[in-house]
Amino acid sequence: MGIDNSQSRERAEEPKIYLVGGAVRDRLLGLPVVDRDWVVVGATPAELLKRGFRQLPGDFPVFAHPHTGEEYALARRERKTGSGYHGFSVETGPDVTLEEDLARRDLTINAMAEDDQGRIIDPFNGQEDLDQGLLRHVTPAWVEDPVRMLRIARFAARFDPWGFRVAHGTHGLMKKMVASGELAHLQGQRVRQEMEKALMTDRPWRFFQVLHACGGLKQLLPALAAQLPEGGHGQDAEARPWQLLRRAVAADAPLRLRLAGLLQFAVDEEHDAGKLVEWLGLDRGTAALLREWLRLRAMLETFVPADPDIWLNILNGFTHRREELEQLFSLSMPETAAELLPRMAQIREVVEQIRGDELRCQGWEGRSLGDELRRRRKEAITAVLEDAS
Ligand code: ATP
Ligand code: MG
């Protein structure tokens, strides 16, 4: 009211600090708050450094608190600089307001702040969306960053027990983002990170369903999308990948099993495991588990229970990472696993009693030792199988 901006700024107010993002959201939902993010309004990097904050590496001015180590970001705004995608730049400065900073955030439920009196600042009605269980974009600039696609899918999985769903208009923006080809800019590493977080929730299939419903899954994991009914929702409850994930959740399976279990459906003749592993930047253990399981699965799918040769190959396949492979077998093919695993244990025991060093004592060596070992083991397997039938 008549006071111009430059004057009011000259009053050199103390910087204001607000709790923002996930911490505010999770507290309002009654969830334990693990990590807290803060935003600082009305300060410069120099002021924060003077107060003992340490600047963190990255594209934006973010600082670590001298005692708690928690992250304090200087308020920043996104500004439209042109038309179409990527026509935005980011600015920081002591004049950037809290509202401007909240406006650049992804979802309304993530765009609330709390001041040092415990008051909620909520310019985009995040609380209402929290109450109604809606995942809604803050502004149309949402389409600028494809990571938001992964985040919304992850929140859909995490908050599914509260009945959260994607708001209608936001679904429209998701389709727009897919059509624009923006998802091609996503790094596999980032896809894996968000996917891993989603996989550890109790409703991991929601992550993939939400991506499928807007056409995004087809671009990210085409072989997986090909196994699902078009459009995603409703008819896909019995899809094999979701059945696996339900079993994994029920068994409280660790991440590696969930990841390898799911990714077996993201591989087919056209999309091979090697490329997927590389793109996602999978760790060696998970990559090896996935590869070994795919090989075993192919054998198990054409399994002839009376053939001792195949039994030997299968025993061999289960040699490394036996425990994980057996769990993956149970998660993927529960009926077959329930039938075969006890039999396999029995056969392994017999086979292990026939040992190479004993044959060597009896004078066998080289190639013929290997052949004799295999012959005797097959004989033993046949005996077990005949006993059982
Ligand atoms: P989590 O509980 O997984 O930590 P979070 O919402 O706190 O969820 P963070 O990655 O910690 O997620 O990000 C903190 C806040 O930063 C978010 O709540 C959101 O306001 C904002 N944010 C993070 N990533 C983006 C993004 N890609 N686009 C817009 N805003 C984002
Ligand atoms: Mg957070």
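Side chains are part of it too, since the values below use all heavy atoms of this structure and drop only hydrogens, waters and symmetry mates. Bear in mind that the values here come from a model prediction, so they are computed numbers and not experimental data. Just so you know, ligand 1 is whichever comes first in the structure, and atom 1 is the first atom listed for that ligand.
- Annotation: side-chain hydrogen bond (donor to acceptor under 3.5 Å, both in side chains) contacts involving residues 161-173, sequence neighbours excluded, comprise His137-Thr170.
- In summary, the aromatic rings of Phe155 and Phe164 are positioned with their centroids too far apart to meet the 6.0 Å limit.
- Nearest protein heavy-atom neighbour of atom 8 (O) of ligand 1: Arg25 NH2, 3.4 Å.
- For Trp38 and Glu71, the side-chain atoms include no donor-acceptor pair closer than 3.5 Å.
- The closest side-chain donor-acceptor pair between Thr44 and Glu47 falls under 3.5 angstrom.
- With a 4.0 Å cut-off on non-hydrogen atoms, Asp35 touches ligand 1 through its side chain and not its backbone.
- Distances from atom 28 (N) of ligand 1 to the heavy atoms of Arg154, Glu71, Arg148 put Arg148 nearest.
- One N or O on the side chain of Ser330 and one on the backbone of Glu326 form a donor-acceptor pair closer than 3.5 Å.
- Distance alone, capped at 3.5 Å, is enough to place a donor-acceptor pair between the Asp283 side chain and the Thr286 backbone.
- For atom 26 (C) of ligand 1, the candidate residues are Ile152, Val147, Asp145; the nearest heavy-atom contact is made by Asp145.
- Protein heavy atom in closest approach to atom 17 (C) of ligand 1: Arg151 NH2, 3.3 Å.
- Aromatic ring centres of Trp293 and Phe318: separated by at least 6.0 Å.
- Counting heavy atoms under 4.0 Å from ligand 1, residue Trp142 does not touch it at all.
- Both the backbone and the side chain of Asp106 come within contact range of ligand 1, each with a heavy atom under 4.0 Å.
- Of all protein heavy atoms, the one closest to atom 21 (C) of ligand 1 is Arg105 NH1, 3.5 Å.
- For ligand 1, the atoms lying closer than 4.0 Å to a non-hydrogen atom of Gly21 are 18 (O).
- The N, O or S atom of Asp35 with the smallest distance to the Mg ion (ligand 2) is OD1.
- Side-chain atoms of Arg190 and Gln187 include no donor-acceptor pair closer than 3.5 Å.
- Ranking the protein heavy atoms by distance from atom 14 (C) of ligand 1 puts Asp37 OD2, 3.5 Å first.
- Contacts between Glu144 and ligand 1 below 4.0 angstrom, taking non-hydrogen atoms only, are absent altogether.
- Within the 3.5 Å criterion, the main-chain N or O of Asp101 finds no donor-acceptor partner in the side chain of Arg76.
- Atom numbering of ligand 1 starts at 1 in the shown order; those under 4.0 Å from a heavy atom of Arg158 are 1 (P), 2 (O), 3 (O).
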